[in-house]
Amino acid sequence: ALAYTRLQASGSSGPFVWWDLSGGPIFWYMNEEETSDCAGELEAVETAFGAWAAISDCDMPFRYGGPVPAWAVRGFADDGANVVFWAGGGELDPSVLALTVWTADASTGELSDVDIGFNSTYHDWTVGIEDLGLQPVWGVAEHEIGHMAGLGHNSSAESTMYPYFHTGLATLSSDEVAGVRALYPDVTSPAPPALTTNGGSSFTTENATLVLRGTITSDSVAVTVNGGSSGVEIIDGAWRYQTQVSLGTHSFSVRAADSAGNVSSPTTIGVTRVSGGILIERFALLDLTTGSSGATNADRVAVNLLVRSTSP
């Protein structure tokens with residue numbers, strides 16, 4: 001069973017909370033007022049966000065947006081600005097190091113605002129790792145950012161999301177890693193398969209049988225021509241397409257796709273078939289140019305025209 005827990009819209013009930021990421025990343029803002037214990041609070045909070053962002057196979061959506069905007073409340077408020085600040089006005093109980101307050105739609109769980117407040121009324125802070133009697137900004141911030149991401153408390157004392165903070169936790173636990181990977185999977189598409197074609201992007205032929213060929217990255221890649229796979233063969237990292245073409249100009253769009261659904265950009269090949277019999281013509285010309293006695297340029301032209309006019 002998964003050890004991580006998720007926050008719900010109404011505390012212990014309602015749908016799980018979630019961010020709508022269709023509009024891009026979620027920005028957070030910093031208010032550094034109300035604490036004179038230390039300098040560098042912003043860097044410490046950014047370090048905490050960075051610890052979550054560094055998890056592999058995960059795409060955490062949070063980005064620093066700068067100081068608190070003029071239109072936003074510099075504390076707990078449902079104003080659409082996700083603010084990290086120091087609560088120095090007695091808003092928090094002495095037993096609380098920090099508090100995350102979220103606003104979510106009770107029926108859907110969609111988050112619209114999350115504020116994180118550090119208790120600077122009853123606690124002293126440091127940007128160091130462990131200073132006797134001082135609370136580390138980065139460590140407490142890691143816990144609160146977990147709530148911002150939608151994670152609840154964990155019963156393991158070795159977990160960052162354990163409700164009672166203690167120093168010595170150097171990394172996020174496997175529980176937190178599993179939680180954010182489930183909530184924010186990495187959806188970055190790998191590079192599409194590579195496809196090459198031989199013979200250039202356009203050519204002219206006199207043959208009714210057309211053969212196109214090229215290479216692909218592996219035999220597991222599928223190749224389509226004009227949206228279909230009929231006539232396509234794939235052998236040893238190469239592809240081959242054969243079809244019949246009528247007189248005139250034809251366009252062939254070639255794509256490669258892998259098993260994950262990644263598709264290459266189309267490669268377009270233009271083919272023009274003209275009347276004539278190219279194989280017969282080559283044989284006749286070769287015969288005249290390599291030893292037939294008495295052959296002249298006029299003969300070559302005459303044979304060439306004859307072959308073209310009698311070929312299908």
Side-chain angles (χ1 to χ4, degrees), residues 5-14 17 19 26-49 51-52 62 64-69 71-104 106 111-157 159-169 172 176:
T5 62
R6 294 181 59 183
L7 292 178
Q8 293 173 274
S10 300
S12 59
S13 63
V17 300
W19 288 101
I26 307 300
F27 290 96
W28 60 274
Y29 305 93
M30 184 75 168
N31 177 10
E32 295 184 80
E33 297 177 0
E34 303 296 340
T35 178
S36 58
D37 301 328
C38 56
E41 297 95 331
L42 172 59
E43 290 77 10
V45 174
E46 287 184 311
T47 297
F49 272 102
W52 290 95
F62 306 114
Y64 178 53
V68 179
W71 52 265
V73 176
R74 308 173 77 84
F76 295 123
D78 179 16
D79 56 2
N82 308 302
V83 177
V84 177
F85 71 104
W86 267 256
E91 300 102 313
L92 301 180
D93 186 90
S95 63
V96 175
L97 286 176
L99 181 68
T100 298
V101 176
W102 70 91
T103 302
L111 290 163
S112 59
D113 184 280
V114 172
D115 298 317
I116 298 174
F118 293 83
N119 192 341
S120 60
T121 303
Y122 300 103
H123 296 279
D124 296 323
W125 297 88
T126 178
V127 295
I129 301 223
E130 292 187 33
D131 286 341
L132 186 62
L134 301 177
Q135 306 299 336
V137 173
W138 69 270
V140 176
E142 275 191 0
H143 176 97
E144 303 304 329
I145 294 167
H147 289 322
M148 186 177 185
L151 296 180
H153 285 144
N154 192 309
S155 60
S156 171
S159 169
T160 295
M161 298 312 296
Y162 188 63
Y164 302 100
F165 179 77
H166 62 89
T167 59
L169 296 178
L172 297 169
E176 284 93 39

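This one's a predicted model, so the numbers in the text were calculated from it and none came from an experiment.
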Checklist entry - In Å and rounded to the nearest 0.5 Å, what is the CD to CE distance from Glu176 to Met161? => result 7.0 Å
Checklist outcome for this item: Minimal heavy-atom distance between Trp86 and Ser120, with the atoms involved, is CD1-CB, 3.5 Å
Item to check | Check: Ser156/Asn154 side-chain N/O donor and acceptor closer than 3.5 Å | outcome: no
Item to check | Partners meeting side chain to side chain contact (heavy atoms under 4.5 Å, CB included) with Thr47 (sequence neighbours left out) | outcome: none
Next on the checklist: Run the ring pair (Phe, Tyr, Trp, His ring centres under 6.0 Å) test against Phe76 and tell me which residues pass, sequence neighbours left out.
Outcome noted: Phe85
Item to check | Side-chain heavy-atom pair Ser155, Tyr162 within 4.5 angstrom cut-off | outcome: no
Next on the checklist: Just to verify, what does Arg74 make a salt bridge (charged side-chain N to carboxylate O under 4.0 Å, His left out) with, not counting sequence neighbours?
Outcome noted: Glu33
Checklist entry - Just how far is it from atom CG of Leu172 to atom OG1 of Thr160, taken to the nearest 0.5 Å? => result 4.5 Å
Checklist entry - Do Trp125 and Glu41 come close enough that some side-chain heavy atom pair is under 4.5 Å? => result no
Next on the checklist: Does any part of the side chain of Tyr64, heavy atoms only, come nearer than 4.5 Å to the side chain of Leu42, both counted from C-beta?
Outcome noted: yes
Next on the checklist: Give me the atom names and distance for the closest heavy-atom approach of Ala106 to Ala9.
Outcome noted: CA-CB, 4.2 Å
Checklist entry - Taking all atoms of both residues into account, what is the closest heavy-atom pair of Asn82 and Val114, and its distance? => result OD1-N, 2.8 Å
Item to check | Closest non-hydrogen atom pair between Ala104 and Leu111, with its separation | outcome: CB-CD2, 3.8 Å
Checklist entry - Any idea which heavy atoms bring Ala72 and Val68 closest together, and the distance? => result CB-CG1, 3.8 Å
Checklist outcome for this item: Sorted by chain and residue number, the side chain to side chain contact (heavy atoms under 4.5 Å, CB included) partners of Ala48 (sequence neighbours excluded) come out as Ala141, Glu142, Ile145
Checklist entry - Going by heavy atoms in the side chains, are Asn31 and Val84 under 4.5 Å from each other? => result no
Checklist entry - Is the backbone of Pro94 close enough, under 3.5 Å, to the side chain of His123 for a donor and an acceptor to pair up by distance? => result yes
Item to check | Phe62 and Trp52 aromatic centres sub-6.0 Å | outcome: no
Checklist outcome for this item: side chain to side chain donor-acceptor pair (under 3.5 Å) filter on Glu144, not counting sequence neighbours, yields Thr100
Checklist entry - For Val127 and Ala44, which heavy atoms make the closest approach, and how far apart are they? => result CG1-CB, 4.0 Å
Next on the checklist: Taking the side chain as everything from C-beta on, heavy atoms only, tell me whether Val140 gets closer than 4.5 Å to Phe118.
Outcome noted: yes
Item to check | Separation of Asp79 CG from Asp115 CG (nearest 0.5 Å) | outcome: 6.0 Å
Checklist entry - Would you call Trp28 and Glu46 a side-chain contact if the rule is heavy atoms closer than 4.5 Å? => result yes
Checklist outcome for this item: Across all chains, not counting sequence neighbours, the side chain to side chain contact (heavy atoms under 4.5 Å, CB included) partners of Thr121 are Asn119
Item to check | Rounded distance (nearest 0.5 Å) linking atom CG of Leu7 with atom CE of Met148 | outcome: 12.5 Å
Item to check | Nearest-0.5 Å distance, CG of residue Asp113 to OG1 of residue Thr103 | outcome: 5.0 Å
